[in-house]
Asks: 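Below you'll find the structure I mean.
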Amino acid sequence: MTIHEVLADVKSDRKKKVIFDCDAGNEIDDQYALAYALSCKRFDVISISASQFKNTALVPNRHEGMLEGYREVKRVLALIGREDIPVYRGVGGKLSAVDEDALLRQLRAEGCEDRLELP
């Protein structure tokens, strides 16, 4: 698809399948976004993943941050009666430098330099 086709599709009334990724244990914004996505007729939330975060006032490390977010998403879904949506635990830490370098090489090979701030 071209960028114009993607934008036209985004603006259309067609229901879009969505994978919702969030750090719901960190701040309250993700709960609002999740409630909106679940109530919006243009979205079909097919799964939710819990991202890691580190906020030393709340959790000691990124893995615990991801688990806190996972528990919060499960709690929100239980409160609104939508436990039918699968929730997945995300990565509990940073990507290694090797993984980041490999990703940058792949993006460069695909001609995406103009969309990234590369070192």
Asks: Applying the 4.5 Å side-chain criterion to the ILVMFWY set and letting contacts propagate, would Phe20 and Tyr70 be lumped into a single cluster?
Replies: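 Yes; Tyr70 is reachable from Phe20 via cluster members.
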Asks: For a quick test of reading the model, state the closest non-hydrogen atom pair linking Ser12 to Arg42 and the distance between them.
Replies: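 Shortest heavy-atom contact: O-NH2, 3.2 Å.
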Asks: Is there a chain of hydrophobic side chains (I, L, V, M, F, W, Y, each step under 4.5 Å between heavy atoms) that links Leu34 to Ile28?
Replies: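 No, separate clusters.
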Asks: Which atom names give the shortest non-hydrogen contact between Phe43 and Lys15, and what distance separates them?
Replies: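 It is O-CE, 3.2 Å.
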Asks: Taking the side chain from Asn61 and the backbone from Glu64, do they hold a donor-acceptor pair closer than 3.5 Å?
Replies: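 Such a contact is found between Asn61 side chain and Glu64 backbone.
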Asks: If you apply the rule side chain to side chain contact (heavy atoms under 4.5 Å, CB included), what do you find for Val18 with Asp44, and how did you get there?
Replies: CA-CA 6 Å; Val18 174; Asp44 177 15; over 6 Å; no
Asks: Could you see if Val59 belongs to whatever hydrophobic cluster contains Leu67? Use Ile, Leu, Val, Met, Phe, Trp, Tyr and a side-chain cutoff under 4.5 Å.
Replies: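 No, because Val59 and Leu67 fall into different hydrophobic clusters, even though each may have its own neighbours under 4.5 Å.
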Asks: Give me the atom names and distance for the closest heavy-atom approach of Leu58 to Gly25.
Replies: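 So the two residues come closest at CD1-O, 3.9 Å.
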Asks: Which atom names give the shortest non-hydrogen contact between Val73 and Ala24, and what distance separates them?
Replies: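 That closest heavy-atom pairing would be CG2-CB, 3.8 Å.
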Asks: In Å, rounded to the nearest 0.5 Å, how long is the span from CG of Leu77 to CZ of Arg75?
Replies: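 Leu77 atom CG to Arg75 atom CZ measures 10.5 Å (nearest 0.5 Å).
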Asks: To the nearest 0.5 Å, how far apart are OG in Ser51 and CZ in Arg62?
Replies: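 With rounding to 0.5 Å, OG (Ser51) is 11.5 Å from CZ (Arg62).
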Asks: Please report the closest heavy-atom contact between Thr2 and Glu5, naming both atoms and the distance.
Replies: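 Smallest heavy-atom distance, with atoms named: N-OE1, 2.8 Å.
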Asks: Over all heavy atoms of both residues, which pair between Met66 and Arg89 is shortest? Give the atoms and the distance, please.
Replies: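 Closest approach of Met66 to Arg89, heavy atoms only: SD-CB, 3.5 Å.
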Asks: For the CD atom of Glu68 and the CG atom of Asn26, what is their distance to the nearest 0.5 Å?
Replies: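 Going from CD on Glu68 over to CG on Asn26, the span is 10.0 Å.
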Asks: Counting C-beta onward and ignoring hydrogens, is there a side-chain heavy-atom pair between Leu38 and Ile85 closer than 4.5 Å?
Replies: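 SC-SC contact between Leu38 and Ile85 confirmed.
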Asks: Would Val87 end up clustered with Ile80 when hydrophobic side chains under 4.5 Å apart are linked, directly or stepwise?
Replies: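 Same hydrophobic cluster.
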Asks: Is the shortest side-chain N to carboxylate O distance from Asp9 to Arg14 below 4.0 Å?
Replies: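 Salt bridge: yes.
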Asks: Taking the side chain as every heavy atom from C-beta outward, state whether Ile19 and Ile48 have any pair of such atoms under 4.5 Å apart.
Replies: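 Side-chain contact under 4.5 Å: no.
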